[in-house]
Amino acid sequence: MYTYTFDVYECAKECFCPPSYPYAMYCDHRKLKTIPDVPGHVRHLYVQFNEIEAITTKPFTNATSLRDINLSHNKLQSSLVERGAFTKLQQLIHLHLEHNNLEEVPPSLPKTLQRLHLGFNKISKITGDTIRELSSITVLDLCSNRLTDAGIRGRALSGMKNLLQINMCSNKLRSMPPDLPASLLQLSVENNSISSIPEGYFRKTPNILSIRVTRNKLKAVPYNVFNLSRLMDLNLGHNQLSKTFFVPQNLEHLYLNHNDYKELNVSLMCPSVDRDHPNMLTYIRIDNNKLRGSVDYHAYTCFPRMRMIFYGEQQKADEDEPSK
């Protein structure tokens, strides 16, 4: 005769812990005002979509196994985030704090963090003192905040030696963010007020794969600024660009839609043809510019892998507009 024993895992009364996977505690969509006490065995905590304003050390006193916390869509306030609230969570990898009322990055976050989501808050500055020690971060999301150029202080980003992706879309930036680490692969700064990209800006990020600067105020970029050997995706749509720039060999997708191009000088985009090492561009979007006539057929020689040039509708060119 066999005797079976089952481990009984504790679960906060406000939450649900699936018997099939008791390491997850679901406390979402329950109109909670405070974070429930987290048992020591819990690895994944879901407390999103509640009415929580404060983060204190008390709920995490025994929560030394936590790897993921989702506190998004609450009412968190920076003044009510206790310093050291996350200090004991030395296995924490993912932290979701998006869609709250935070005005700054919470202090004393554990060095183990790999993904930090802070989008849709009221953060106006990030300082080196706050995030310099977060050297394990691979993804940092700061979209839809209130970041300004002056708010990125003290070489705040340079210490993030493992950072692969940073999202700073929909902020108040007028310049490209400074001191990006060499590890970076994806940069997103859409929907800001950036008016220029300095010559050699990407020199310190030679491995970057994707750059998105759509919906800004770019009027021109240095000719060789995107001459990056690994760049595959470049989105410059919804700007005021009118001058052609060099297209790197490995670029596959190029978005130039909603700009002020009156012509697309393919010879400048592709000054030479190397049949042994052909350009990889397969898709280019150029609709809603001021182009007249078809694209130079030489584009298919320069870019032999081209599958689609999306020409679409064009804006009315300045000289075609009636005088007022």
Side-chain angles (χ1 to χ4, degrees), residues 138-139 163-167 169 176 180-190 194 196-216 218-315:
T138 59
V139 176
L163 188 64
L164 301 179
Q165 177 181 345
I166 184 166
N167 303 326
C169 56
M176 298 291 284
L180 298 177
S183 57
L184 195 68
L185 299 182
Q186 297 181 44
L187 172 65
S188 169
V189 287
E190 300 108 315
I194 296 170
S196 65
I197 301 177
E199 181 83 49
Y201 174 77
F202 295 104
R203 195 171 294 137
K204 294 182 179 179
T205 55
N207 297 316
I208 199 161
L209 300 175
S210 175
I211 300 171
R212 298 182 180 181
V213 200
T214 187
R215 296 186 185 277
N216 276 279
L218 294 175
K219 291 186 177 180
V221 295
Y223 177 68
N224 280 307
V225 73
F226 300 119
N227 189 6
L228 302 160
S229 61
R230 298 188 64 190
L231 185 62
M232 297 175 66
D233 184 88
L234 178 59
N235 194 331
L236 298 171
H238 292 271
N239 278 284
Q240 301 165 35
L241 296 171
S242 60
K243 295 183 178 180
T244 312
F245 51 85
F246 178 77
V247 173
Q249 180 185 350
N250 287 318
L251 191 70
E252 295 184 9
H253 306 113
L254 176 61
Y255 299 84
L256 296 173
N257 53 293
H258 295 85
N259 275 285
D260 291 336
Y261 285 101
K262 294 181 180 178
E263 65 172 339
L264 210 60
N265 192 325
V266 177
S267 296
L268 287 176
M269 296 171 68
C270 168
S272 62
V273 177
D274 184 346
R275 298 188 185 281
D276 293 327
H277 302 90
N279 287 306
M280 304 299 289
L281 193 66
T282 62
Y283 177 87
I284 180 170
R285 182 176 172 183
I286 53 173
D287 60 290
N288 286 282
N289 278 279
K290 298 177 180 179
L291 299 172
R292 291 294 176 265
S294 59
V295 175
D296 186 347
Y297 195 76
H298 182 56
Y300 292 95
T301 303
C302 273
F303 306 111
R305 305 204 175 185
M306 183 71 71
R307 295 180 180 177
M308 183 176 187
I309 299 177
F310 184 73
Y311 191 89
E313 295 184 0
Q314 297 294 317
Q315 306 172 39

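Remember, predicted model here, so these are calculated numbers, not experimental data. Residue indices begin at 1 and follow the sequence shown.
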What pair of heavy atoms forms the shortest contact from L184 to Q165, and how long is it?
-> CD1-N, 3.9 Å
Where do L256 and L264 land on the side-chain contact (heavy atoms from CB on, under 4.5 Å) test, with the steps shown first?
-> CA-CA 10 Å; L256 296 173; L264 210 60; 4.2 Å; yes
Rounded distance (nearest 0.5 Å) linking atom CZ of F226 with atom CD1 of I197 | 4.0 Å
Can you name the residues that form a ring pair (Phe, Tyr, Trp, His ring centres under 6.0 Å) with Y261, not counting sequence neighbours?
-> none
Of all heavy-atom pairs linking P206 and A182, the shortest is CD-O, 4.4 Å
Report the distance from atom OG1 of T282 to atom CG of L254, rounding to the nearest 0.5 Å.
-> 10.5 Å
Mind checking side chain to side chain contact (heavy atoms under 4.5 Å, CB included) for I309 and listing every partner two or more places apart, or none if nothing turns up?
-> I284, I286, V295, A299, Y300, M306
Could you tell me whether the side chain of N259 and the main chain of N257 form a donor-acceptor pair under 3.5 Å?
-> yes
Carefully, step by step, assess F202 and L187 under the rule side-chain contact (heavy atoms from CB on, under 4.5 Å).
-> CA-CA 11 Å; F202 295 104; L187 172 65; 4.0 Å; yes
Atom CZ of R215 with >12 non-hydrogen neighbours under 6.0 angstrom | no
Considering residues at least two apart in sequence or located in another chain, which fulfil the side-chain hydrogen bond (donor to acceptor under 3.5 Å, both in side chains) criterion with N235?
-> none
List in chain and number order the residues that pass side chain to side chain contact (heavy atoms under 4.5 Å, CB included) with C169, two or more places apart in sequence or in another chain; answer none if no residue qualifies.
-> C143, S188, E190
Any side-chain heavy atom of N289 within less than 4.5 Å of one from H258?
-> no
Which value, rounded to the nearest 0.5 Å, describes the distance between L164 atom CG and S210 atom OG?
-> 12.5 Å
Got a sec, which pairs hit salt bridge (Lys or Arg N to Asp or Glu O under 4.0 Å) with one end in residues 224-233, sequence neighbours left out?
-> R212-D233
Backbone of L291 reached by a side-chain donor or acceptor of Q314 within 3.5 Å | yes
Interatomic distance, Q186 atom CD to T138 atom OG1 [nearest 0.5 angstrom] = 10.5 Å
Can you name the closest pair of heavy atoms from I211 and L228 and give their distance?
-> CD1-CD1, 4.0 Å
Check ion pair K262-D260 (N to O, under 4.0 angstrom) | no
Who passes side-chain hydrogen bond (donor to acceptor under 3.5 Å, both in side chains) against T214, sequence neighbours left out?
-> none
R203: partners by side chain to side chain contact (heavy atoms under 4.5 Å, CB included), with sequence neighbours left out | none
Would you check if the side chain of Q315 reaches a backbone N or O of N288 as a donor-acceptor pair within less than 3.5 Å?
-> yes
Flag, side chain of Y311 to backbone of G293, donor-acceptor distance under 3.5 Å | yes
Nearest heavy atoms of S183 and L163, plus distance in Å = OG-O, 2.7 Å
Just list the side-chain donor-acceptor pairs under 3.5 Å for residues 239-251, sequence neighbours left out, or say none.
from: N239; atom 1: OD1; to: N216; atom 2: N; distance (Å): 3.2
from: N239; atom 1: OD1; to: K217; atom 2: N; distance (Å): 3.2
from: N239; atom 1: OD1; to: L218; atom 2: N; distance (Å): 3.0
from: N239; atom 1: ND2; to: V213; atom 2: O; distance (Å): 3.1
from: N239; atom 1: ND2; to: L236; atom 2: O; distance (Å): 3.0
from: N239; atom 1: ND2; to: G237; atom 2: O; distance (Å): 3.2
from: T244; atom 1: OG1; to: N265; atom 2: N; distance (Å): 3.3
from: Q249; atom 1: NE2; to: H277; atom 2: O; distance (Å): 3.1
from: N250; atom 1: ND2; to: S229; atom 2: O; distance (Å): 2.5

Any M176 side-chain heavy atom under 4.5 Å of I194 side chain = yes
Which residues share a side-chain hydrogen bond (donor to acceptor under 3.5 Å, both in side chains) with N279, sequence neighbours left out | none
How would you list, by chain and number, every residue that makes a side chain to side chain contact (heavy atoms under 4.5 Å, CB included) with D296, sequence neighbours excluded?
-> V266, H298
Parallel, tilted or perpendicular: which fits the ring planes of Y283 and Y255, with parallel below 30° and perpendicular above 60°?
-> tilted
Got a sec, which residues hit side-chain hydrogen bond (donor to acceptor under 3.5 Å, both in side chains) with E252, two or more places apart in sequence or on another chain?
-> none
